[in-house]
Amino acid sequence: MNKLDPDYTLLAATKYAPNGNGSHKKAPMDIEKIFGEKTFGLDEMKSRLPEDIFERMKATIEHSEPIDADVADVVAKAMKEWAIEHGASHFTHWFQPLTGSTAEKHDSFITPNKGGGAIAKFSGKDLIQGEPDASSFPGGGLRATFEARGYTAWDPSSPAFIVDNPNGSYLAIPTAFASWTGEALDHKIPLLRSMEALNKQALRVLQLFGDKETKKVYTTVGNEQEYFLIDEQFYYRRPDLVTTGRTLFGARPAKGQELDDHYFGTIPERVLSYMLDVEKELYRLGVPVKTRHNEVAPSQYEIAPIYENSNVAADHQQLLMLTLQGIARKYGLVCLLHEKPFAGVNGSGKHNNWSMATDTGHNLLEPGDTPHDNAQFLFFCAAVVLAVHRHQDLLRVSVATAGNDHRLGANEAPPAIMSVFLGEQLEHIFEQLTEGPATESKHGGFLDLGVPHLPDLPRHAGDRNRTSPFAFTGNKFEFRAVGSDQTVSVANMVLNVIVAEALDIMGTKLEAQLAGKDASDEEVLEAAVAEVLREVVVDAKPIIFGGDNYTDEWHAEAEARGLLNLRTTLDALDTLTDEKNVHLLEKYDVLNERELESRHEIMVEQYFLTINIEAETTEAIARTMVLPAAVRYLGELAAAVEYSSGVRKTATAVGAMIDTLETAIEALITQNKHREDTLEDNAQHMRNNVIPAMEAVRHAADDLERAVPHDLWPLPTYREILFVK
């Protein structure tokens, strides 16, 4: 079947069978029974390990205690036996290189013995350390191509898990990835380092507040994942989607998301069946997903887990994306995670809900019923606000990709300007803090809906703001600028370290205020905290904004406030290796200067390569698919011009469109072939010249799509892709 056969659309619409292929059979889901059954977590360890070994492992997982080789040997034996019981024949050290995705090399449990047979073998050494080839992963100058040695190191804080395949299974062990010289070659190591930095400073502050019980503070994360689902019949007929993850062509359909009828609408049967399958697999992997719904754009959806330790949450986010994409194929669907797969409708983000929690069970960003009286909460909350104000650039860098540039600043995403939304209640308290201690909190009361049998609803003290990039949403901050295809490790590493610095600064100020005084006296402590809060809030006040972040007026006001507006990825990356950022990341042992410079080089190169691939794909599709279809139509018109002045007029218009397209293609080829002397200059050339040339080709092609008959047009249209379920 080729594109000229219109039945591919009918096939996409009709081939789904609710009970077909064994993929959609109804089966009960006992969540409590299946949750975590494919993970080697604490419950499994407790049932399989000697009590003393289990307690030592628990101390490692919960309190970061070092792990000994003798413990690793016992754990490895139990883990191997558990994995084999689940059908695993191989194991892999599962890691996250600087590509932003995951990587793995499989080794068999089977080892030949002297008698000519084989035994299943897996030692503590196998568990603790692996040695994948490090030469072909992005290194940013940390390692030369011929310097191949790299190491993976077991991360016991993130549970090992089983990956099933129709023909077998394997054990995946979450690991960190480092070079032979010790530099971090992944996203996990800096994230773990940043968590330790925040833990140290948060404990220091809690001790000043008289907390002697807390032994560890960790950050928690819950990520709302947005994605598109389209039928594979359309996907494989779109070379742009296959190659780049987004449509490089596509005229806007008559109907998009204007009616707001997709958002929270009834989930289509096929999609719901897919979602249930995804959720079941994620439950088995120990991923605590909670929410699912239709998103704003047609064929767009969302899944969200509840909060976990940041490191585990980052690993689970990778598993969630892999699961979304893998299971889609069982339903004849393709899951698109690109930030902007379709022009003219909302793109996809990954809202990063971030907070701080103690090992004693307290959320440090929980305001309570009277937040103005909650000095500890206000201290930690103010630290986050100060952190965002001091490091707007690093937050923007943490979400900087070529794909996310299409989304940031559009109607569904916050602008590239970083600001903090606190809500009416907290903003009122922070205004009071500029003058001294806060004395009152606004309360929301209740909503009377005017119908006797409907309950009065408790109302929050402030509304939400969906246009803010960084918003307080009750007991956490929601960082809304993270792209749907990104690893969350980078954004959370940045959040952890900048808040660690803010707590360090504020802790030092509080120590100075308390010097020579009785800190156990509640009034003395409250007065000291109030003075520190006053200084910090006055300093960070420009970053607080509760209005509409989309308006031109806000952009002008933000500039007057001295806030950064780093519109593109390259604008943001220009700030990454600034002296203040090098100092920050080195001071808290998160990234040394070489590691930071390597990430700068990798991110610039990824930007350049992404645009280059998109440009070459644009040229190929325009030259070999769009142009021939238009010429074929022009030929049909030319054969009939003598019969109608209307046909002659149409032929003239189509001929002019073809000329415009041909000119745009030649300009794109010229721009994409051009090369500057340095990687940074080449990346800037892509941004300044190649992207506009691609847009010109697209504009010309989209005009032709509106003119060429559907049976001649070589690409599935937005109308088909977005609305045929």
| message | Looking at H674, I'd like to know if its NE2 atom is crowded, meaning that more than 12 non-hydrogen atoms belonging to other residues, nucleotides or ligands lie closer than 6.0 Å. | response | yes

| side chain to side chain donor-acceptor pair (under 3.5 Å) between S310 and N492, worked out | CA-CA 7 Å; S310 293; N492 287 293; 4.8 Å; no

| task | Take S348 and H338, measure what side chain to side chain contact (heavy atoms under 4.5 Å, CB included) needs, and give me the verdict at the end. | result | CA-CA 7 Å; S348 297; H338 193 283; over 6 Å; no

| message | With side chain to side chain contact (heavy atoms under 4.5 Å, CB included) as the criterion, how do E531 and E535 come out once you've worked through the C-alpha distance, each side chain's angles and the decisive distance to 0.1 Å? | response | CA-CA 6 Å; E531 179 56 28; E535 292 181 26; 3.3 Å; yes

| Do R561 and E557 sit within salt-bridge range, that is, some charged N less than 4.0 Å from a carboxylate O? | yes

| query | Above 12 or not: heavy atoms from other molecules or residues under 6.0 Å from CD of E586? | reply | yes

| Less than 4.0 Å between a side-chain N and a carboxylate O, is that true for D574 and R567? | no

| query | Is a side-chain N or O of N199 found less than 3.5 angstrom from the main chain of V217, in a donor-acceptor match? | reply | yes

| query | Going through the distances and angles, do F177 and I189 end up as a side chain to side chain contact (heavy atoms under 4.5 Å, CB included)? | reply | CA-CA 7 Å; F177 183 40; I189 293 174; 5.8 Å; no

| field | Rounded distance [0.5 Å steps], CZ in F470 versus CD1 in I543 | value | 10.0 Å

| query | Is E676 atom CD crowded by more than 12 heavy atoms from other residues, nucleotides or ligands, each under 6.0 Å away? | reply | yes

| field | Side-chain ion pair, E614 and R246, N-O less than 4.0 Å | value | yes

| Can you check whether M418 reaches L566 side chain to side chain, under 4.5 Å on heavy atoms? | no

| query | Looking only at side chains, do D393 and N581 share a donor and an acceptor under 3.5 Å apart? | reply | yes

| query | Does the side chain of T678 pick up a donor-acceptor pair with the side chain of D681 at under 3.5 Å? | reply | yes

| request: For Y607 and A683, work out which heavy atoms get closest and say how close. | output: CE2-O, 3.7 Å

| field | Exercise: do H428 and Q432 side chains pair donor with acceptor under 3.5 Å | value | yes

| query | Any side-chain heavy atom of Q300 within less than 4.5 Å of one from Y227? | reply | no

| query | Hey, would you say the F421 and F472 ring centroids sit under 6.0 Å apart? | reply | no

| task | Run the numbers on E559 and N565 for side chain to side chain donor-acceptor pair (under 3.5 Å), then give the verdict. | result | CA-CA 8 Å; E559 183 177 359; N565 188 0; over 6 Å; no

| query | Does one side chain, of K216 or S64, offer a donor that lies under 3.5 Å from an acceptor on the other? | reply | yes

| Can you list the steps and then say if D571 with R396 is a side chain to side chain contact (heavy atoms under 4.5 Å, CB included)? | CA-CA 9 Å; D571 293 330; R396 176 65 180 90; over 6 Å; no

| query | So, K580 versus H391: side-chain donor-acceptor pair below 3.5 Å or not? | reply | yes

| request: Kindly indicate whether the side chain of L394, heavy atoms from C-beta on, has any atom under 4.5 Å from the side chain of L576. | output: yes

| W354/F479 aromatic ring centres below 6.0 Å | no

| request: Run through K509, R204, K200, R390 and flag the one making a salt bridge (charged side-chain N to carboxylate O under 4.0 Å, His left out) with D504. | output: R204

| Is any side-chain heavy atom of P97 closer than 4.5 Å to a side-chain heavy atom of L185? | no

| field | Y301/F228 aromatic ring centres below 6.0 Å | value | no

| query | Would a 4.5 Å heavy-atom cut-off, applied to side chains only, mark L668 and T618 as touching? | reply | yes

| Is there side-chain contact between L591 and P190, with at least one heavy-atom pair below 4.5 Å? | yes

| Greater than 12 external heavy atoms within 6.0 Å of K290's NZ | no

| query | With a 3.5 Å cut-off and no angle check, do the side chains of T568 and D405 form a donor-acceptor pair? | reply | no

| query | Are T551 and D548 linked by a side-chain donor-acceptor pair shorter than 3.5 Å? | reply | no

| request: Start with the C-alpha distance between Q96 and H187, add both sets of side-chain angles, then the distance that settles side chain to side chain donor-acceptor pair (under 3.5 Å), and finish with yes or no. | output: CA-CA 6 Å; Q96 300 176 39; H187 294 300; over 6 Å; no

| message | For E431, is there an ion pair with K541 - N to carboxylate O distance below 4.0 angstrom? | response | yes

| field | For the student: nearest non-hydrogen atoms of Q486 and V399, plus distance | value | NE2-CA, 3.4 Å

| Over 12 non-hydrogen atoms of neighbours within 6.0 angstrom of NE2 in H583 | no

| request: Report yes if the side chains of L495 and T219 come closer than 4.5 Å at any heavy-atom pair, otherwise no. | output: no

| Ion pair check, K350 and E226, cut-off under 4.0 Å | no

| task | Compare every heavy atom of D186 with every heavy atom of R599, then report the nearest pair and how far apart it is. | result | NH2-O, 2.9 Å

| said: So if I apply the side-chain contact (heavy atoms from CB on, under 4.5 Å) rule between V494 and each of V499, L395, L191, which one comes out positive? | reply: L395

| remark: For G547 and T467 the tightest heavy-atom approach is O-OG1, 3.6 Å

| said: Distance alone, cut at 3.5 Å: any donor-acceptor contact between the side chains of E308 and H316? | reply: yes

| note | Heavy-atom nearest pair, G100 first then Q318, reads O-NE2, 3.2 Å

| Where is the tightest heavy-atom contact between N404 and V482, given as atom of each residue plus distance? | ND2-C, 4.2 Å

| V529 vs F209 side-chain heavy atoms within contact, under 4.5 Å | yes

| task | Start with the C-alpha distance between S468 and N549, add both sets of side-chain angles, then the distance that settles side chain to side chain donor-acceptor pair (under 3.5 Å), and finish with yes or no. | result | CA-CA 6 Å; S468 175; N549 286 251; 4.7 Å; no

